[in-house]
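Okay, structure first, notes after.
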Amino acid sequence: MHSIFEIFKIGIGPSSSHTVAPMKAGKLFREYLFKKNILSKTYKIDVILQGSLAFTGKGHGTDKGIILGLSGKSPEKIDNVTSKKIINKITKNNLLTLSQEHHIPFTLENNVIFDYKTPTKTFSNVMIFKAYDIDNKQLLSKTIYSIGGGFIKEKNKKENIQNTNFPYDFNSSKNMLDMCKKNKFKISDLMMKNECTLNNKTQVKNKIMDIWDTMNNCINSGINAKGKLDGQLKVKRRASEIFKALKKDKQKDPLKAMDWVSLYAIAVNEENANGGKVVTAPTNGAAGIIPAVLKYYIEFTKKSSKEGIVRFFLTAGAIGVLYKENASISGAEVGCQGEVGVACSMAAGGLVSALNGTNAEIENAAEIAMEHNLGLTCDPVGGLVQIPCIERNAMGSVKAINAARLAMIGKGNHKVTLDEVIKTMMQTGKDMQSIYKETSNGGLAVNVTEC
Ligand code: SF4
């Protein structure tokens, strides 16, 4: 079972599946070259991208993620400025540094191949890495899949997850809730017991607060940034102007809190769109929802506390794990319901938990939030994580708060279970045409004029 810290990971934008995972895959391939002692013989590396990575990889920074990974960089350790420096150096000199002594010819145009023709079978995001010697003899080939939320999986190998031996391992929401009932736990208690097999309680809390600090810094960076976002759409950043307008507006409006929530989500996703430092929650495209809803808890609800923040993350993480293990958190696999839909569901459950709601209310909130995201397609305009993604995070945040409130008013009485809605989301994703699954071949992507 996954730890919550595999769901909430610090990385860079704009996409967990298309930037973060390719970076990890590139780094992994480089490590293979080292381990197999063939790095110094390597003279050429080709990377073939298939499926959604081919169709939207350019706009999502897949090629850049790959060269950063091949240069030995990890998503959690790199910042936007360093990554731009490395990429500029490689594209200027047409040389990739594999080690201090070993540089090979490399250009994005020649060595990163976008294969639009080969249909993908097992997973929608495929990367094939090939290394050759000076005589063009193949030294190594590895096929690696990006399976959503920054996770990768090698062909014919199990997914490389943290080796956990959790005392309360669960494979469904029912299973999790039954264990909570039997032990008189809240969902957050159960998750804390699990996480304490990897870290002690203080460390878990500190790690959670680090994640929250990164999210909060991202909100602030987004609010302070001005100008246009990277990419051919030349989308103007809105967060700083919304912030100014909200500060200036002194009128009493009961829904003003919602405008602040939208601002927080937009600020994070504008940072993400420009390759900034974000926390995948559970993906980068949907990275604004958890921070926006948590900030709402801190700023607009009574008696918010550090303990409430910890409960929020533990519970939202548990819900994220349920989706990751029983369905998908990949837009390329199930559409945006797997990204914004899952983030909305996680945030709704997390908010109820922070507000000290019951387990039934948490389940209900998470279920409502997904039920009304079912069928949400992924159709990013120009292959960029900007339209509809940025605004969609604002909508998802408001919906999460609404779901939490409805669940708490209704005392958690509900007919549809969280397991049922997770199953439905996965089935809906399978039935969805590939043009709506992060290929930019349908929906808004084909109907919006790009300039
Ligand atoms: S539409 Fe949704 S799933 Fe697709 S790239 Fe945007 S945020 Fe991600």
Side-chain angles (χ1 to χ4, degrees), residues 11-22 51-62 65 124-125 146-151 229-231 233 235 262 265-266 268-276 278-292 320 323-324 327-347 369-370 372-397 399-400 425-426 428-429 432-448:
I12 59 161
S15 169
S16 41
S17 55
H18 288 52
T19 323
V20 172
S52 164
L53 288 176
F55 289 106
T56 55
K58 276 191 187 142
H60 284 46
T62 305
S124 334
N125 289 320
S146 162
I147 57 173
F151 292 89
L229 297 173
D230 293 345
L233 296 178
V235 171
S262 296
I266 286 172
V268 170
N269 283 81
E270 285 182 349
E271 279 300 280
N272 179 60
N274 257 25
V278 295
V279 178
T280 56
T283 66
N284 279 26
I289 296 175
I290 299 266
Y323 283 101
K324 166 84 182 92
S328 170
I329 54 169
S330 165
E333 217 179 331
V334 293
C336 198
Q337 48 170 4
E339 299 206 12
V340 162
V342 172
C344 183
S345 184
M346 290 166 66
M370 175 51 81
H372 305 289
N373 273 302
L374 287 174
L376 192 66
T377 58
C378 169
D379 50 359
V381 178
L384 297 164
V385 194
Q386 299 180 3
I387 303 172
C389 321
I390 296 171
E391 216 169 67
R392 185 166 287 175
N393 274 259
M395 299 298 117
S397 306
K399 195 183 276 190
M425 184 273 259
M426 190 61 197
T428 308
M432 204 181 266
Q433 287 183 47
S434 71
I435 55 168
Y436 299 118
K437 295 196 270 194
E438 217 162 349
T439 54
S440 289
N441 283 330
L444 283 174
V446 296
N447 286 311
V448 174

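Treat the numbers as computed from the prediction; the structure is a model and nothing was measured. All heavy atoms count here, side chains included; hydrogens, waters and symmetry mates do not. In this chain, numbering begins with 1 at the start of the sequence shown. Ligands are counted one by one from 1 in listed order, and the atoms in each one are counted from 1 as well.
Each protein N, O or S atom less than 2.8 Å from atom 6 (Fe) of ligand 1 was counted, giving 1.
Under a 3.5 Å cut-off, the side chain of Asn274 and the backbone N or O of Leu229 do not form any donor-acceptor pair. Between the side chain of Gln337 and the main chain of Leu376, no donor-acceptor pair closer than 3.5 Å is present.
In this view, Lys437 satisfies the salt bridge (Lys or Arg N to Asp or Glu O under 4.0 Å) rule with no residue, not counting sequence neighbours. With sequence neighbours excluded, the residues that form a ring pair (Phe, Tyr, Trp, His ring centres under 6.0 Å) with Phe55 are Tyr116. Under the side-chain contact (heavy atoms from CB on, under 4.5 Å) criterion, Met426 pairs with Ala327, Ser328, Glu333, Val334, Lys430, sequence neighbours left out.
His60 and Thr19 are not linked by any side-chain donor-acceptor pair at a separation below 3.5 angstrom, with hydrogens and angles left out of the test.
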